Amino acid sequence: MSITEDLADKLAIDVIAAMETLGDDRLPDEVAAVIGATSPTTEEAFRTAVRVRIAEQRARKFLAEKLGTLAE
C-alpha cells in the first residue's frame, strides 16, 4: 500500500473504534470532511478503508449468525 492508504487505513481503524464507543455513526463522515479540506486523495482513501472495514465486520457477523443457526 501507499503511505496515503496506510495512514488512511490506520485512521479508519481508530475512527471505527471511536464510532462504536461513542455510538456516533456519523463520525467517519465528519472526519472525512476534515481530511478533505486539505487532501481529497486522503479523504477518498479514508472513506474506502472505512467502507471496506465496516463491510467486513458486517459480513463476519452475518457468517457467525449463519453458523450459529447450524449449531442449534
Side-chain angles (χ1 to χ4, degrees):
M1 278 199 245
S2 72
I3 188 168
T4 301
E5 291 169 330
D6 289 342
L7 293 173
D9 188 48
K10 288 176 185 175
L11 182 58
I13 292 167
D14 293 343
V15 170
I16 291 168
M19 177 184 77
E20 292 169 355
T21 299
L22 298 170
D24 183 359
D25 291 341
R26 302 286 304 153
L27 185 60
D29 291 328
E30 293 171 7
V31 172
V34 172
I35 297 168
T38 54
S39 177
T41 302
T42 305
E43 176 190 4
E44 186 55 37
F46 169 75
R47 287 184 183 275
T48 298
V50 168
R51 283 191 305 269
V52 167
R53 288 190 170 279
I54 289 175
E56 189 240 359
Q57 287 177 351
R58 289 180 180 161
R60 288 191 179 279
K61 181 180 177 186
F62 172 79
L63 181 59
E65 290 170 356
K66 281 292 196 182
L67 290 171
T69 61
L70 291 176
E72 295 174 357

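Counting begins at 1 with the first residue of the sequence. None of the values given here were measured: they were computed from a predicted structure.
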(request) Please step through side-chain contact (heavy atoms from CB on, under 4.5 Å) for the pair V34 and E43, ending with a clear verdict. (result) CA-CA 8 Å; V34 172; E43 176 190 4; over 6 Å; no
(request) Determine, step by step, whether L7 and T42 satisfy the side-chain contact (heavy atoms from CB on, under 4.5 Å) criterion, reporting the C-alpha distance in whole Å, the side-chain angles of both residues, the deciding distance to 0.1 Å, and the verdict. (result) CA-CA 8 Å; L7 293 173; T42 305; 5.9 Å; no
Heavy-atom donor-acceptor pair, [X] side chain to [Y] backbone, under 3.5 Å:
X	Y	result
E65	F62	no
T48	E44	yes
T38	I35	yes

(request) Output all residues satisfying salt bridge (charged side-chain N to carboxylate O under 4.0 Å, His left out) with D14, sequence neighbours left out; order by chain, then residue number. (result)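 For D14, no residue satisfies salt bridge (charged side-chain N to carboxylate O under 4.0 Å, His left out) once neighbours in sequence are set aside.
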(request) Report the residues that fulfil salt bridge (charged side-chain N to carboxylate O under 4.0 Å, His left out) with E30, sequence neighbours left out, ordered by chain and then residue number. (result)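 So E30 forms no salt bridge (charged side-chain N to carboxylate O under 4.0 Å, His left out) with any residue.
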(request) Give the cluster check for F46 versus M19: same hydrophobic cluster or not, with ILVMFWY residues linked at side-chain heavy-atom distances below 4.5 Å. (result)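 Yes: a chain of side-chain contacts under 4.5 Å links F46 to M19.
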(request) For the residue pair I54 and I16, establish whether any side-chain heavy-atom pair is separated by less than 4.5 Å. (result) yes
(message) Take a 6.0 Å sphere around CG of L22 and say whether it holds more than 12 heavy atoms from other residues, nucleotides or ligands.
(response)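 Counting other residues, nucleotides and ligands, CG of L22 exceeds 12 neighbours.
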(request) Using the side chain to side chain contact (heavy atoms under 4.5 Å, CB included) rule, pick out the option among D25, D24, D29 that qualifies with L27. (result) D24
(message) Restricting to non-hydrogen atoms, name the atom on A49 and the atom on A12 that form the minimum distance, rounded to 0.1 Å.
(response) CB-CB, 3.7 Å
(request) Dump the intermediate steps for side-chain contact (heavy atoms from CB on, under 4.5 Å) on Q57 and E20, then the final yes or no. (result) CA-CA 12 Å; Q57 287 177 351; E20 292 169 355; 3.4 Å; yes
